[in-house]
Trainee: 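Once you've had a glance at the structure underneath, I'll fire off some questions.
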There are 2 protein chains.
Amino acid sequence: MSHTLGVRQAQKLKTRQALLDAALELLEGQSLSSLGLREVTRAAGIAPTAFYRHFRSVEDLGVALVEEALGSLHPMIHTTVSTTDDGEERIARAIGLIASHVDAHPAHVRFVARERHGGVRPVREAIQDQLARFTAEVGQGLAEDPRSAGWSEDDLLMLAQLYVDQMLVTASLFLEAPATAPAERERVSRLAARQLRLIGIGRRHWLDVDGPSRAPAGDTPGT
Amino acid sequence: MSHTLGVRQAQKLKTRQALLDAALELLEGQSLSSLGLREVTRAAGIAPTAFYRHFRSVEDLGVALVEEALGSLHPMIHTTVSTTDDGEERIARAIGLIASHVDAHPAHVRFVARERHGGVRPVREAIQDQLARFTAEVGQGLAEDPRSAGWSEDDLLMLAQLYVDQMLVTASLFLEAPATAPAERERVSRLAARQLRLIGIGRRHWLDVDGPSRAPAGDTPGT
DNA sequence: CATTTCGGAGAACAGTTGTTGACTGCATGG
DNA sequence: CCATGCAGTCAACAACTGTTCTCCGAAATG
């Protein structure tokens with residue numbers, strides 16, 4: 001398959017990428033809903049009208065950006081969650097992975113964090129879709145872990161969601177820590193590590209029936 | 001103090017509030033960075049130029065909105081965190097409080113969620129400031145709890161941050177659940193309750209030295 | 001080699017934007 | 001009661017927006 005992609009289609013992909021790159025750079029200082037079509041084409045070095053050869057609208061470009069930012073992240077998720085490390089080493093590895101990903105693709109991370117609750121519906125939904133996929137994948141990874149014996153599927157998903165949200169919070173913190181301040185980076189790393197550690201402890205004792213307080217699982221007492 | 005606020009200043013506050021309200025409504029479908037000055041004045045029913053009598057710019061208005069959305073929330077935080085309930089009841093109460101607040105002020109919640117990572121720097125920073133205050137207050141509340149004996153101040157703050165982030169995640173989930181679907185609301189409530197429960201369990205066992213795994217607190221082993 | 005396809009450029013369109021200066025009318029304080 | 005202060009209006013500005021239609025040149029197809 002794939003006959004080396006003729007000159008014509010190659011050029012098209014190239015300018016399409018130029019549009020995506022230009023948009024991503026412009027989005028570091030504003031939200032997608034204020035990004036103008038002309039603004040993007042100007043930064044990409046093409047005529048405004050040529051934009052329509054690649055995207056129907058800026059919204060459309062935004063959806064494409066979501067795919068670019070999150071689509072390639074799934075394998076990473078899978079390999080991270082399915083390693084059989086001890087808890088403490090897995091935490092360090094996960095945080096290191098987040099940190100290096102933020103370093104490698106800061107604009108992508110910023111875009112996702114910003115538009116996750118942003119003003120453009122289709123983009124918001126595309127992000128939620130990807131995050132839901134992440135949650136499902138993490139949940140599946142957790143299910144394969146022997147430490148999850150006795151867990152209901154619902155509980156696994158709620159833990160997965162906790163992990164995914166925590167991942168985004170941590171990524172966002174790394175983003176705010178300027179590259180010039182490694183001390184700040186360290187502070188964030190240690191904070192995230194302790195939060196993951198606490199969640200891990202909660203996970204380990206989830207099925208306990210502990211001492212003086214009431215039952216940890218099962219139905220709620222009141223209502 | 002306060003001599004009933006003369007007719008003139010009362011009118012000024014009234015149109016200022018009209019501007020804030022109009023902006024907040026317009027912001028349900030877009031981000032602040034794309035909100036136009038004329039757009040706001042049009043919706044508020046005043047001339048564009050009158051805007052400058054109240055705010056220097058739309059950014060300025062955004063900062064004012066942050067104060068309106070989060071400023072009045074501090075007492076609620078304090079009373080919630082400092083009740084001496086048992087864990088399970090406290091969880092139910094906290095989630096109920098979040099749900100009813102989202103119901104009462106959906107536009108404010110949406111605004112905060114959207115602009116927390118949004119494209120307008122001063123607004124972003126105003127929100128982060130308020131959230132940092134929340135974290136500090138929750139941390140202080142936790143410190144007064146007898147269950148926090150033996151905790152370092154740093155660890156208390158990391159737990160507080162976990163709670164605050166979790167609060168925002170939950171509020172955002174309630175926001176997405178349409179008012180017409182009470183079943184969805186219930187699902188979110190139960191999800192949030194279990195997540196808080198898990199965090200609570202982690203909190204209870206934070207200082208344990210549990211079984212086969214390595215020390216839960218103290219310095220990190222490697223590096 | 002002839003024809004078709006198609007990414008891109010250019011000009012033009014009706015609207016909209018933020019900001020200015022000079023103005024009006026009315027509540028305020030002496 | 002009169003003079004000042006000030007919220008709000010109005011007209012005008014240059015600049016910018018998204019979208020349309022027409023055209024060009026070169027790659028692709030046969």
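Reminder, nothing fancy here: chain letters follow the sequence lines and each chain counts from 1.
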Trainee: In whole Å, I'd like the distance from the CG atom of B:L37 to the C1' atom of C:dT20.
Mentor: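 It is 13 Å, rounded to the nearest whole Å.
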Trainee: Test salt bridge (charged side-chain N to carboxylate O under 4.0 Å, His left out) on B:E88 and B:R197 and set out the steps.
Mentor: CA-CA 7 Å; B:E88 202 62 33; B:R197 208 174 292 144; 2.9 Å; yes
Trainee: In this structure, how many angstroms lie between the P atom of D:dG18 and the CZ atom of A:R42, rounded?
Mentor: 9 Å
Trainee: Would the base of D:dC21 count as contacting A:T49 through its side chain, where contact means a donor and an acceptor less than 3.5 Å apart?
Mentor: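 Answer is no: no donor-acceptor pair is held.
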Trainee: Are B:H105 and B:H101 an aromatic pair, judged by ring center distance below 6.0 Å?
Mentor: yes
Trainee: Can you tell me if A:D165 and A:Q161 form a side-chain donor-acceptor pair at under 3.5 Å?
Mentor: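 Result is no, nothing qualifies.
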Trainee: Checking only heavy atoms, does the side chain of A:R53 share a donor-acceptor pair with the base of C:dC6 at less than 3.5 Å?
Mentor: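 Check fails, no donor-acceptor contact within cut-off.
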Trainee: Are the side chains of B:R38 and B:F51 in touch, meaning some heavy atoms are under 4.5 Å apart?
Mentor: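 When only atoms from C-beta onward are counted, B:F51 and B:R38 do not touch, as no gap falls below 4.5 Å.
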Trainee: For C:dG8, take OP1 and OP2 only and decide whether either is under 4.0 Å from a side-chain N or O of A:T15.
Mentor: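 Yes, A:T15 has a side-chain N/O under 4.0 Å of OP1/OP2 on C:dG8.
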Trainee: Nearest whole Å is fine: how far is C:dT20 P from B:R38 CZ?
Mentor: 13 Å
Trainee: Can you check the B:E59 CD to C:dG18 P distance for me, whole Å?
Mentor: 12 Å
Trainee: Can you tell me how far C1' of D:dT17 sits from CZ of A:F51, to the nearest Å?
Mentor: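 Value for this atom pair: 13 Å.
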